[in-house]
Structure formats: C-alpha cells, structure tokens
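Below is one structure; the comments refer to it alone.
Every value quoted in this text rests on a predicted model; they were computed, and no experiment measured them. Numbering of ligands and ligand atoms starts at 1, following listing order.
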Amino acid sequence: MNVYDSELVAGLLQKCGYFKTEDIMSADVIFLNTCAIREKAEETVHNRLNNLHYLKKKNPQLLLGVLGCMAQNLKNELLETKPFVDVILGPDSYRRIPEILNDRNGLQNHQVDTKLSKFEIYEDMFPSRHEGVNAWISISRGCDKFCTFCIVPFTRGRERSRSMQGIIQEVEEAVANGFVEITLLGQNVNSYRTGEGKFHVLLEKVAAVSGVKRIRFTSPHPQDMDDDLLKVIAEYENICNYIHLPLQAGSNRILKRMNRTYTQEEFLILVDHIRKFIPDCSISTDIIVGFPGEMDEEFAETLMVMESSAFDSAFMFKYSPRPGTKAAEYSDHIEEEVKQSRLEQVIALQKRLSLQQNQRHIGKILPVLVEKESKKSSMKWAGRTEGNTWVIFDKTNEKPKDIVNVLIQDAQGVSLFGERIMEKELVHEIN
Ligand code: SF4
C-alpha cells in the first residue's frame with residue numbers, strides 16, 4: 001500500500017513539474033512515506049530523518065516532508081523532536097502537496113495536515129510507476145475491522161471503496177504501460193463493495209481486461225471470504241490460485257482478544273473449503289506471536305493450526321504494542337525472550353512446511369511468469385508461479401513478462417528449480 005501511495009505522490013509531483021533524482025544531494029524536495037504498523041518501521045524513519053538533518057543544514061531551502069501513517073500517528077512527537085521537518089501529511093492529505101510546493105518560498109511555519117477523510121480515495125489521481133512486471137492498484141482505503149493490535153483504522157481511517165470504473169481505467173492504463181500482472185490492494189481487500197457489486201464482481205471485470213496476464217490481491221480477511229469469490233478465482237485462468245489468509249493466532253481466546261471475528265475451527269474449515277474449491281491453491285498467512293496474555297498452550301495451538309493448514313509461506317512477527325490501540329493497554333504483556341523463542345519456533349515450523357509444500361510441485365509442469373535475471377547466474381531466469389513461489393531455470397528464448405511452462409525438478413529453501421518445457425514438448429508429453 002505504501003509503494004502505491006508513493007507512486008501516487010510521485011504522480012502528483014510530476015504534474016507539478018518535479019522529477020525524480022537518484023542524487024539525494026541535488027534534491028529540492030524529499031518526502032519520506034512512512035509506515036506505523038510496527039515499532040521497527042517507526043525507528044527506521046526516525047533514523048533516516050536524523051541522517052537527512054545534515055542535508056537540511058547544508059541547504060535550508062530543501063523541503064523535507066513526512067507522509068503517511070507515521071505522520072498521522074506521531075505528528076506531535078515529530079514536531080517536537082524533529083523541528084527541521086517542514087511538512088507532515090497524513091494518508092488522506094496528499095492533495096495538499098501542489099499547494100504546499102507552490103507556496104514553498106513563502107512557507108514560514110510547518111505545514112501539518114493529518115485530517116482523516118471519510119471520502120478520500122484519490123479517484124482521479126494516477127500513480128507514476130516504475131517500469132516492471134507488476135502494478136499495484138489500490139481499490140479501497142482504510143479499515144473498519146478494528147483488530148485490537150492494529151493501528152491502521154486510526155491512521156488510515158474508515159473503509160471506503162473506489163468506483164469499479166476508476167479501477168478498470170487504471171488497470172487499462174497499467175497494461176498500456178507494459179504491466180502484465182495486477183495486484184489489487186486494500187487493507188481489507190475482500191470487503192470491497194460499491195453499488196455495482198462486491199469484490200468478486202470487480203475481480204471478474206479486471207480479469208476481462210485484455211492484456212492482464214495475472215491478477216493477485218492482498219490482504220483479504222477470513223471473515224469476508226465467500227463462495228462467490230472462490231468461484232471467480234477458480235474460473236478465471238488469469239486470477240492466480242493463491243490466497244493470502246491471515247491467521248494471526250491459533251487460540252480462540254487470543255483470536256477473540258485480537259477481535260479477529262473468527263474461531264480456530266472456522267479458520268480450519270475455510271482452509272479446507274478453499275482447497276476443495278480451488279485444488280492446489282497456495283495459501284500464505286500472517287502470524288503474530290506473543291500477543292498479550294498468550295499462554296504456552298495457546299501458542300501451541302498456533303503451531304497446530306499452522307501445521308494443519310500447511311501454509312505455503314508466512315509473514316511472522318513478534319507482537320509490537322502500538323500506542324493508541326486496545327491491545328497496547330492490556331496489562332499482561334509477554335516478555336521479550338518468550339516472544340523471541342516463539343518467533344523462532346514458528347519460523348522453524350514454517351521453513352519445514354514451505355519446503356514440504358514446495359516439494360509437492362516436483363515433477364509438475366507449472367506456468368511461470370518470467371520476471372528478472374536470477375541473482376545467482378546471468379544464464380538463468382527468476383520467475384514466479386501462480387502460488388507466488390520463485391522458480392529458477394535456464395534461459396532459452398523467453399523474455400521478461402512471458403508466461404512459460406517449467407518442469408519443476410527440485411525444491412530448496414523457498415525456491416523451486418526447473419527446466420523450461422517448449423510448447424512442442426508439452427504437446428508430445430500430453431499425447
Ligand atoms: S483487518 Fe487488517 S488492517 Fe484492518 S484492523 Fe485488522 S489487521 Fe488492521
């Protein structure tokens with residue numbers, strides 16, 4: 001989402017006559033787009049700002065701004081501790097940028113705008129994207145779920161969806177600019193809805209846009225995963241058979257404390273249901289360990305659900321209290337060493353599960369979207385399967401953005417290794 005927002009801001013800056021420089025010393029304006037989801041992300045921004053302070057001292061005309069969720073969340077702290085920051089804009093205030101740049105010579109004071117909007121979806125603004133394979137397209141902003149650990153509803157405001165027409169126009173524009181994969185984004189992507197329909201209707205419309213080779217979406221909430229959506233994923237060849245399904249925790253008591261609105265049993269049934277609807281569907285997840293009050297036996301349930309669900313991959317984190325959220329106020333926080341030990345356990349388990357899941361592909365021919373040269377050899381390509389797993393294979397006559405068939409011969413760590421199968425060989429094999 002932050003990549004997308006940075007691209008939106010880059011589009012606005014371009015319209016104002018600014019262009020990107022690789023040489024920070026020559027920049028007239030520097031914006032840091034920030035994330036507040038974990039403490040570590042905030043620390044990174046503080047460190048970066050301290051580093052940028054010397055540029056500001058050298059060049060007082062330099063305009064330095066902090067955008068996004070951290071601006072929203074920590075504006076007072078920033079004003080107090082980093083008075084050299086000129087501009088602080090929350091995620092709903094990017095439209096102020098042209099006016100601020102126009103007036104920059106007359107700027108005497110800090111420009112701060114962190115008002116949250118019930119309506120802002122940047123419908124008429126187009127991002128300036130780098131060349132590449134995948135285009136991120138935001139379809140909604142904000143979130144109404146209020147998980148007790150999460151700062152997003154406070155930094156990004158209430159959930160609102162963009163019009164289907166605006167999204168399709170952006171998809172068409174991305175395809176015209178050479179992008180072949182579209183990733184639809186929302187804090188809670190599958191609760192998207194407008195008068196024209198729910199998320200599955202939008203997905204069908206995107207799938208019908210000529211030139212879209214692959215579609216992904218992130219992040220859905222298990223509660224909003226319905227059969228209409230699964231049917232559409234199963235039906236359209238260009239919608240990847242891949243679902244990111246955040247579990248967060250395996251114990252019902254902890255899920256309730258997190259306000260996740262599903263139980264362990266419902267989650268396991270859903271995983272089963274997805275795999276029946278979409279055979280061989282890859283599923284990834286998010287896990288938080290050491291949520292306040294999580295007991296050893298409750299953590300063991302997270303391990304159990306991970307094992308039963310056989311996730312293909314997982315994003316795993318230690319719980320990090322976010323001031324202002326309900327969970328941060330709980331009194332039974334878990335000690336750092338316990339969190340660390342639990343994190344190591346989930347990582348070790350997921351490593352085994354990922355390898356096991358990847359090994360199931362050995363001997364299969366999978367469509368792979370060629371993305372870039374392998375880091376290890378200029379003679380090899382790296383591309384991804386529908387399930388989002390990297391595949392390394394020898395170069396022949398294909399080029400980036402082609403989808404080619406690769407016979408998977410080996411699985412190591414998180415990557416697959418294989419050999420390109422030409423169309424003729426495929427016909428032969430089928431015969
Ligand atoms: S659904 Fe996701 S974005 Fe919304 S509150 Fe929960 S974790 Fe945060």
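The protein atom (non-hydrogen) at minimum distance from atom 2 (Fe) of ligand 1 is Gln187 O, 4.0 Å. Of the protein's non-hydrogen atoms, Cys150 SG, 2.3 Å is the one closest to atom 8 (Fe) of ligand 1. In terms of protein heavy-atom proximity, atom 4 (Fe) of ligand 1 is nearest to Cys143 SG, 2.2 Å.
By the 4.0 Å N-to-carboxylate-O rule, Lys213 lies too far from Glu181 to be salt-bridged with it. Between Arg95 and Glu120 there is a salt bridge, since at least one side-chain N of the basic residue sits less than 4.0 Å from a carboxylate O of the acidic one. For the pair Arg156 and Asp92, the salt-bridge criterion is not met [side-chain N within less than 4.0 Å of a carboxylate O]. In summary, Arg129 and Glu170 engage in a salt bridge, as defined by a charged side-chain N under 4.0 Å from a carboxylate O. With respect to Glu42 and Arg322, a salt bridge is recorded, a charged nitrogen being found less than 4.0 Å from a carboxylate O.
Interface of Val152 with ligand 1, defined as ligand atoms under 4.0 Å from a residue heavy atom, comprises 3 (S). Short contacts between ligand 1 and His221, defined as distances under 4.0 Å to a heavy atom of the residue, involve ligand atoms 1 (S). Near Phe146, the atoms of ligand 1 lying under 4.0 angstrom from a non-hydrogen atom of the residue are 5 (S). Near Lys145, with a cut-off below 4.0 Å to any heavy atom, the atoms of ligand 1 are 1 (S), 4 (Fe).
Looking only at atom types and distance, the side chain of Asn190 has no donor-acceptor partner in the side chain of His200 under 3.5 Å away. Side chains of Thr261 and Gln223: a donor-acceptor N/O pair is present below 3.5 angstrom, by distance only.
When non-hydrogen atoms are compared, ligand 1 lies under 4.0 Å from neither the backbone nor the side chain of Asn188. If you look at Phe149 next to ligand 1, the close heavy atoms, those under 4.0 Å, all belong to the side chain. When non-hydrogen atoms are compared, ligand 1 lies under 4.0 Å from the side chain of Pro153 (C-beta onward) but not from its backbone.
The aromatic rings of Tyr330 and Phe291 sit perpendicular, their planes meeting at an angle over 60°, well past the 30° parallel limit.
Distances shorter than 4.0 angstrom do not occur between any heavy atom of Arg156 and any atom of ligand 1.
At a threshold of 2.8 Å, atom 8 (Fe) of ligand 1 has no backbone or side-chain N, O or S atom of Cys147 nearer than that distance.
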